[in-house]
Asks: 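I'd like to ask some things about the structure below.
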Amino acid sequence: MEDVHAWTPARAKADFDQLLDAAKTKGPQRISDDEGSFTVRYSKAKSRERVTDFLIKGLPEA
């Protein structure tokens, strides 16, 4: 199970850069108030492979 760290909306706003850094280095961060919550997650950009390189490699063997 993921270890989600909790933030108040005021702290998330005041320390926005820290919030993003924590999502990147420590995992999902939750911003909660009385009505609900948001979860901030970092997703690393996937490398883009050229179509020709993909076709040359072919499919993995089963």
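Heads up: numbering here begins at 1 and tracks the sequence.
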Asks: In Å and rounded to the nearest 0.5 Å, what is the CZ to CH2 distance from Phe16 to Trp7?
Replies: 10.0 Å
Asks: If the condition is side-chain hydrogen bond (donor to acceptor under 3.5 Å, both in side chains), which residues does Asp53 pass it with, not counting sequence neighbours?
Replies: Arg50
Asks: Given the rule in the side chain to side chain contact (heavy atoms under 4.5 Å, CB included) test, do Ile31 and Thr39 qualify, once you have shown the distances and angles that lead to the verdict?
Replies: CA-CA 6 Å; Ile31 305 166; Thr39 302; over 6 Å; no
Asks: Taking only residues two or more places apart in sequence, or in another chain, which ones meet Arg48 in a side-chain hydrogen bond (donor to acceptor under 3.5 Å, both in side chains)?
Replies: none
Asks: Which pairs pass side chain to side chain donor-acceptor pair (under 3.5 Å) with one or both residues in residues 9-21, sequence neighbours excluded?
Replies: none
Asks: Quick check on Tyr42: does its OH atom have over 12 non-hydrogen neighbours (other residues, nucleotides or ligands) under 6.0 Å away?
Replies: yes
Asks: Between Pro9 and Ser32, what is the shortest heavy-atom contact and its length?
Replies: CD-O, 3.2 Å
Asks: Is there a donor-acceptor pair under 3.5 Å between the side chain of Gln29 and the backbone N or O of Gly27?
Replies: yes
Asks: Taking the side chain as every heavy atom from C-beta outward, state whether His5 and Arg30 have any atom pair closer than 4.5 Å.
Replies: no
